[in-house]
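Read the numbers this way: they start at 1 and go in the same order the structure lists the ligands and their atoms. Predicted, not measured: the structure shown is a model, and the values here were computed from it.
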Amino acid sequence: MQPLQPLTPALVAALRSSVGDDVVATDEASLDRAGRDETENLCFRPQALCLPATVEQVASLMRFAAEHRIAVTPRGAGTGLSGGALPVAGGIALSLERLRRIRSISALDLLAEVEAGVVTGDLQRAVEAQGLFYPPDPASRDTCLLGGNLAEDSAGPRSLKYGTTRAWVLGLEAVLADGTVIHTGGRCRKNAAGYNLTQLLVGSEGTLAVITAAWLRLTAKPKATLVLLLPFAALDAAAQAVAEVLAAGFDPAACELVERGALAAVAALEPLPASLEDHEALLLLELHGDEPDELLERAAGIAELAERLGSGEAAVAQDAADQRRLWAVRRRVGEAVKHASVYKEADTVVPPSQLAAAVRAAREVAARHGLRAVCYGHAGDGNLHVNLLRGDLPAELWESRRDAAEEALFAAIVALGGTITGEHGVGWTQRRYLPLAVDPPSLALMRQLKAAFDPHGILNPGKIFLA
Ligand SMILES: Cc1cc2nc3c(=O)[nH]c(=O)nc-3n(C[C@H](O)[C@H](O)[C@H](O)COP(=O)(O)OP(=O)(O)OC[C@H]3O[C@@H](n4cnc5c(N)ncnc54)[C@H](O)[C@@H]3O)c2cc1C
């Protein structure tokens, strides 16, 4: 393979005349912005930030990059947490933020055709205004873009009932590494015609193609919601409750866990309501349905089950303001962790039955390395965000202990039948752990797929695989 080439000033000038002067930015502020995402303090500046506004401009840019062997790193809003949008090989940062049209919303087909630069929350509000619903709900939904969600297969609390982003994608418009525009899948809810390229591109983290638009499935907006908060004195009981609630068919839309360490981090920011102090774990459940009374009945069944397992008194909220209040602790954990200490977040997943074992493993690994672990996450999906905190550890010890602890943590999680990322992707920061979770023949097949889509290795180089 011919090595990647630097984007020299002469090539920048040629790029400007090829794709349009207003598409290419090389000023310091633009390069600095394009060199970062939300992953730690990493910065890798590109030589140009390109902001195409049409699929034709994306195609022409990719043809240029392929001809001159220039690295291209697609980016959405740069909210990624695994360094996927960092242009680690320089070259071009390709922002999709100007492709921001909702092309159509069809209530009859329960379908939206959207461009990659639409903010997730904007689509949700647009469809909800028509009584429709697009469920994927990453916490970053008011800033992140649908193209980024598709590239990461992003998820959120509601993926327990509704599935992750990939469950809502029927087809894609994408630009290949050589500039060819393809359309995969389409507008139909069923499609058995050939290999499922749509689902291959979803979660491919910008390494196989640039997604420019998507056909997304919609559903009817639930008429009623209810939120239920359950405090537990024992972690095992909370984990057991998760498994039993799911097995009993209570069908929660969300089932979130906040364990003691995470509660303490929130309490350090603001006093917790007295009813939430001194618990080993909280479970927060959201129910969706059509009839408020039916939701109350389900909530009573869940509370009874949880009580049998030792939970404290349940809090129930049916109106929006009370629901926001119950969600508040869970929503503040991320910010509270950032505030507490320098940290490293691992996006672990285990089968739900292994949740308590995963929290214990995280605490044990952290303690063994002189760190503290704070855990919270999407318990129903077994997706536990483990934050390793530096605390008072001197900076010179932090990096080596952090890396050793992270590796030991992932090994323990994989031994529990889990994997190394549930929704944040492998990107740049997790790539050395991929072989823990994927067997060598599968890894080899993944590399062959990468070579088939991108023979010159220009699309998001350095990501997912170690060189
Ligand atoms: C406060 C906060 C909360 C978060 N909460 C959640 C959460 O609840 N659930 C969750 O899953 N994630 C969460 N995230 C992570 C992040 O928001 C998601 O990964 C999101 O999908 C990234 O979207 P983005 O537009 O910012 O993409 P970027 O960060 O810009 O890019 C992410 C990856 O996608 C690729 N990419 C972007 N656009 C395209 C495209 N059009 N075509 C091809 N590749 C592309 C990039 O190359 C990169 O590899 C959170 C992040 C923050 C900062």
Inset, instruction - Classify the ring geometry between Tyr162 and His288 as parallel (under 30°), tilted (30 to 60°) or perpendicular (over 60°). - result: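 The arrangement is tilted - the two ring planes meet at 30° to 60°.
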Inset, instruction - Return the orientation label for the Phe410 and Tyr433 ring planes: parallel under 30°, perpendicular over 60°, tilted otherwise. - result: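 Judged by the thresholds at 30° and 60°, the geometry between Phe410 and Tyr433 is tilted.
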Legend entry - Heteroatom distance test (Val210, ligand 1): nitrogen or oxygen, under 3.5 angstrom: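 Among all N and O atoms of Val210, none is under 3.5 Å from an N or O of ligand 1.
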Inset, instruction - Please say whether Gly156 places an N or O atom under 3.5 Å from an N or O atom belonging to ligand 1. - result: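 The answer is no, given that Gly156 and ligand 1 share no N or O pair closer than 3.5 Å.
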Structural part of [X] in contact with ligand 1, heavy atom criterion under 4.0 angstrom:
X      : value
Glu423 : both
Ser204 : neither
Asn460 : side chain
His424 : side chain

Quick test of your reading of the model: are [X] and [Y] salt-bridged, counting only N-O distances below 4.0 Å?
X      : Y      : value
Glu286 : Arg158 : no
Asp251 : Lys161 : yes
Arg125 : Glu128 : no
Glu280 : Arg260 : yes
Arg101 : Glu113 : no
Glu259 : Arg363 : yes

[X] heavy atom under 4.0 Å from ligand 1:
X      : result
Ala174 : no
Gly334 : no
Gly427 : no
Asp37  : no

Which residue and heavy atom of the protein sit nearest [atom], plus the separation:
atom                    : answer
atom 22 (C) of ligand 1 : Thr79 OG1, 3.3 Å
atom 45 (C) of ligand 1 : Ala151 CB, 3.4 Å
atom 24 (P) of ligand 1 : Ala77 N, 3.5 Å
atom 31 (O) of ligand 1 : Ala85 CB, 3.8 Å
atom 50 (C) of ligand 1 : Ser140 OG, 3.5 Å
atom 28 (P) of ligand 1 : Gly78 N, 3.6 Å
atom 47 (O) of ligand 1 : Pro74 O, 2.6 Å
atom 27 (O) of ligand 1 : Gly148 CA, 3.6 Å

Inset, instruction - With Arg217 as the cation and Trp215 as the aromatic partner, state whether NZ or CZ is under 6.0 Å from the six-membered ring centre and within 45° of the axis. - result: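 No.
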Inset, instruction - Test the Arg330-Trp327 pair against the cation-pi criterion, namely NZ or CZ under 6.0 angstrom from the six-membered ring centroid and within 45° of the ring axis. - result: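 Output no; distance or angle outside limits.
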Option with minimal heavy-atom separation from [atom], where the choices are [options]:
atom                    : options                : value
atom 44 (N) of ligand 1 : Gly84, Gly206, Ser95   : Gly206
atom 21 (O) of ligand 1 : Cys144, Ser154, Ala139 : Ser154
atom 9 (N) of ligand 1  : Ala34, Gly425, Ala155  : Ala155
atom 40 (C) of ligand 1 : Thr165, Val202, Ile211 : Ile211

How long is the span from the [atom1] atom in [X] to the [atom2] atom in [Y], to the nearest 0.5 Å?
X      : Y      : atom1 : atom2 : value
Leu388 : Arg372 : CG    : CZ    : 11.0 Å
Ser82  : Glu345 : OG    : CD    : 10.5 Å
Cys255 : Asp381 : SG    : CG    : 9.0 Å

Give the atom numbers and elements of ligand 1 that come within less than 4.0 Å of a heavy atom of [X].
X      : value
Gly147 : 38 (N), 39 (C), 41 (N)
Glu152 : 19 (O), 32 (C), 33 (C)
Ala209 : 43 (C)
Glu38  : 53 (C)
Asn149 : 20 (C), 21 (O)
Ala116 : 41 (N)
Leu145 : 25 (O)
Leu96  : 41 (N)

Inset, instruction - Look at atom CD of Glu40 and say whether more than 12 heavy atoms of other residues, nucleotides or ligands are closer to it than 6.0 Å. - result: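 Correct, the count exceeds 12.
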Legend entry - Flag if over 12 foreign heavy atoms under 6.0 Å of NE2, His183: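 Yes, because the 6.0 Å sphere around NE2 of His183 holds more than 12 heavy atoms from other groups.
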Inset, instruction - For Thr421 and Asp347, test the side chains for any donor-to-acceptor distance below 3.5 angstrom and give the result as yes or no. - result: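 There is such a pair between these side chains.
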Inset, instruction - Indicate the atoms forming the closest heavy-atom contact of Leu49 with Ser95, along with that distance. - result: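 Result for this residue pair: CD1-CB, 4.0 Å.
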